[in-house]
Amino acid sequence: MRYDSLYFAFFLGLVWLAFVLLPWRGWILLAASIGFYAAAGVRDSVLAAIIVLSNYGFQFLIERDRRWLYPALLLDFGCLAYFKYRVFLATAIGFDVFTHDIVIPLGISFYVFQLSAFLIDISRGRALPFHSLARFALFKLFFSQLVAGPITRWRQFGPQVHRLFDRKLVVRSRLIGLGLALCLLGLVKKVMLADSIGPIVDAIFRDGPGGAAAAWLGVWLFTFQIYFDFSGYSDIAIGSAYLFGIRLPRNFATPFLASSVAQFWQRWHITLTRYLRDYVFVPLADARMASRRYRVSQHFFAMTLTMALCGLWHGANFTFVLWGALQGMAIMLAVMWSRYVRAPPALIGWAATFGFVVTTSVFFRSPSLGCAFEYLGTMFSLRGGFPHGGEQALSSWQLPSDGMGELLIVIGCLALLALHWLEARISSLQAVMLIWRFDGAFLRMLFAGAAIWLLLLPKVQDNPFIYFRF
Amino acid sequence: MWRKIGLGAAKLLAGIVAATAAVDLLFVVISGTPLRWVLPVPPVALYGPDPDTGYRHRANVSGLWLTEHRSLITISNLGLRDRNRNVDHDGALRAVVIGDSFIEALQVDGSETAVAVAEQILSRDRPGTEVVNLGLAGARPAVEVARLQSEGRRLSANAAVVMLYVDNLLSPTTTDDSEFTGYRRDGSGEYRLSYGFRGSSGYRFRTSVAGRIYYWLLDHSQVARIINARKNSGVLADWSDAAAAPAQRTQPSWSCASNLLDDQLALWRDGTPSEAHALATAFIRDLAAIRQSRDIPIIVAAWNIEARCPSLAAKRSALIEAMRARIERAGLQFLDLDQRIVEKVGPAGVAKLHGFGASFGTGHLNVEGNRVYGEIFADVLRPALFTHP
């Protein structure tokens with residue numbers, strides 16, 4: 001069930017009505033979440049049920065003896081590896097046994113990470129097991145963040161689940177206006193921006209760019225497409241949770257305004273970055289594998305490996321691995337730079353960071369390393385004229401051909417950056433306060449009505465959320 | 001308490017009205033600026049009721065077409081996917097081209113359609129010559145005949161090209177007249193044009209005062225267009241995650257399966273199935289009657305008979321000969337359109353005539369495709385127009 005669809009809006013409206021009118025709030029959200037996931041199909045539902053039930057059992061064993069963590073993680077990541085990476089891993093080691101690919105179960109990358117974080121937290125004494133299966137199931141299956149995050153920790157979400165079932169969760173009415181505003185913002189990003197950019201990106205990457213300018217245009221647009229797509233989804237997830245009084249962690253904080261790569265990753269897919277930091281990087285960096293002399297090298301290695309795994313999490317392809325490894329190396333270089341060399345002016349730092357993010361996006365989007373390097377070659381070849389409306393890849397843009405078309409493309413690209421800057425302004429505390437101040441029937445209906453109109457807009461091309469496939 | 005409820009309801013209503021106005025304004029701004037080439041906009045509602053064919057283009061309607069390729073569409077003063085022109089043509093030669101969405105060519109600019117290209121070429125040969133686009137998305141053989149009867153007569157055409165998508169005669173929709181003109185059997189058992197749609201509630205609504213108000217709203221409100229488009233595609237159309245694109249025929253992918261032409265060959269050579277055979281007979285009979293009554297050459301352009309497969313050459317040749325014989329026996333002219341296209345661009349070049357952007361190679365005709373088709377239409381219309389007495 002997609003968040004940018006009318007039936008999700010109906011579903012959300014019905015669940016919200018039941019939530020408001022009936023006293024069994026936890027059960028209502030659990031039933032809705034099960035129904036939501038059941039729409040993904042029997043196979044996905046059965047797999048999710050098996051993982052939930054086994055993890056429910058493992059939490060008690062881990063509480064008693066932390067060594068049970070290993071079989072639990074083996075099961076979770078084994079499922080992930082089997083469904084998502086088996087063909088990739090088999091091919092990588094030249095073991096041609098898995099000849100057919102299978103569809104990745106919905107949201108498996110996200111709920112496996114969430115569950116593994118929970119189990120590790122229990123083993124570290126930072127989380128308490130759920131004695132109620134219903135509460136545990138809601139913690140794992142809550143429909144608002146089930147499919148593509150945010151990846152929530154026990155300390156963020158667990159107590160809220162308990163309060164829901166104990167009827168102690170207070171749904172602050174001012175959260176409703178804010179939730180609807182976030183849903184609208186997410187839909188604007190997804191329906192108005194990401195889905196509009198997508199066909200142009202698809203065309204450029206499918207046919208290969210005609211020249212350097214078209215190549216830069218393609219990767220520039222893709223960078224914004226994936227941001228608008230995923231942050232739009234996250235806004236809807238967080239906003240719809242607000243409708244039920246549940247606060248989910250923020251996942252994006254205008255990352256393209258970051259002035260270093262490290263800062264970028266603190267603002268991009270924040271919950272994944274924190275997961276990787278706490279459960280992968282820190283254990284690797286702190287492990288006593290090398291003497292103090294080599295501590296920097298160990299950190300460098302740990303960061304590169306962590307981010308390579310981050311890349312692999314995004315997709316079973318060496319393009320993602322290289323993309324992640326490059327991010328890791330850049331983070332370490334940025335950290336070392338800031339330690340030994342005076343920080344560059346903010347504008348230069350921002351430009352270098354943004355340029356790096358845009359350039360490395362080629363690996364994220366390309367189907368293979370060969371295609372990626374070929375694309376990069378075109379980007380830096382300085383050959384080919386400016387893309388124009390007549391170019392096949394850009395033929396959906398019927399722009400004037402008297403020079404105005406080129407100008408409009410440049411303006412459009414810069415406008416995306418300006419929108420990002422604007423988003424930073426409207427996501428400010430002042431804007432939130434303003435919504436709270438004027439919150440009421442009028443404002444809520446304004447947001448909900450505008451969102452419904454956007455959902456009603458017929459789709460001319462199927463554009464599922466990009467992160468749903470991860 | 002009632003006052004409080006009333007106030008709450010008023011605020012809710014005001015919120016909905018404000019949201020609607022804001023969204024309408026947003027799309028007005030997008031539609032009026034170059035943003036329309038990239039950002040989403042509600043699709044234009046081009047079609048209205050017509051007593052002859054069930055539906056047709058509404059005169060002077062203008063807006064963006066979104067499917068496959070964005071283009072700014074303006075329907076002509078005569079209610080055609082064509083440039084503005086007078087009904088009378090003062091003795092100048094005029095041809096009409098009748099077909100479905102491939103001829104309608106909403107994906108390209110009005111001056112780039114195959115028909116417009118043919119007109120440009122022929123008017124260079126003989127100034128003032130006109131070629132009028134009577135393309136209408138989804139037009140089946142019965143609609144084409146009805147359109148030639150009504151519009152061809154109104155425009156006093158001197159020649160006509162009628163597209164025959166060969167699979168249509170085998171399709172059950174050809175006999176369905178619930179939404180547009182179809183072929184139904186009459187008392188004598190012969191297929192005749194049938195207008196069952198005229199009694200349908202949808203048609204009655206569209207031709208009523210309420211229907212006129214509805215069309216006025218479509219022309220003046222962006223949100224009305226959103227509702228209309230959603231109504232057409234289905235409220236929950238995206239349940240299956242499939243794109244809610246309007247149902248339009250697209251160019252099938254290239255296949256040389258050995259049984260590819262079997263059904264067509266059975267129909268045209270062996271006369272089976274009998275239903276399809278009777279439909280083909282009715283279609284040819286009606287076109288022949290128009291040709292005879294108006295004394296104009298009518299060219300039946302058969303297409304979607306795969307011409308890129310050497311392995312099917314013998315079967316194809318037999319099929320073409322059977323079609324040609326039946327059509328020419330009725331006094332009509334026959335055009336093997338697929339063969340002409342392959343002769344012009346080569347087997348490998350055919351796919352390049354279709355699709356846009358990421359879908360290049362499949363779908364409706366692109367600008368180049370329309371140019372090639374336009375040249376072929378000009379070639380076949382030239383003798384029909386200029387040498388016909």
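These numbers were taken from a predicted model, which means no experiment stands behind them. Each chain gets a letter, A, B and so on, in the order the sequences are listed, and its residues count up from 1.
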- Item | Heavy-atom closest contact (B:Val38 atom, A:Ser196 atom, distance) | O-CB, 3.1 Å
- Note on the structure: Looking only at heavy atoms, the pair that brings B:Leu26 and A:Met192 closest together is CD2-CE, 3.9 Å
- Residues in residues 12-19 of chain B that sit under 4.5 Å from chain A, counting heavy atoms only: B:Leu12, B:Ala14, B:Gly15, B:Ile16, B:Ala18, B:Ala19
- Message: Minimum heavy-atom separation for B:Val41 and A:Leu457, please, with both atom names.
- Response: C-CD1, 4.4 Å
- Query: Which is it for A:Trp453 and B:Asp24 under the side chain to side chain contact (heavy atoms under 4.5 Å, CB included) test, yes or no, and what are the steps along the way?
  - Reply: CA-CA 9 Å; A:Trp453 282 122; B:Asp24 205 285; over 6 Å; no
- Task: Tell me, out of B:Arg225, B:Arg36, B:Lys11, who's got the most heavy-atom pairs with chain A below 4.5 Å.
- Result: B:Lys11
- Task: Among B:Val223, B:Leu35, B:Leu7, single out the residue with the greatest number of heavy-atom pairs under 4.5 Å to chain A.
- Result: B:Val223
- Task: Can you establish whether the number of heavy atoms outside B:Glu179 located under 6.0 Å from its atom CD is more than 12?
- Result: no
- Looking at CG of A:Asp195 and CG of B:Leu39, how far apart are the two atoms once the value is rounded to the nearest 0.5 Å? 11.0 Å
- Honestly, the part of A:Leu454 sitting under 4.5 Å from a heavy atom of chain B is side chain
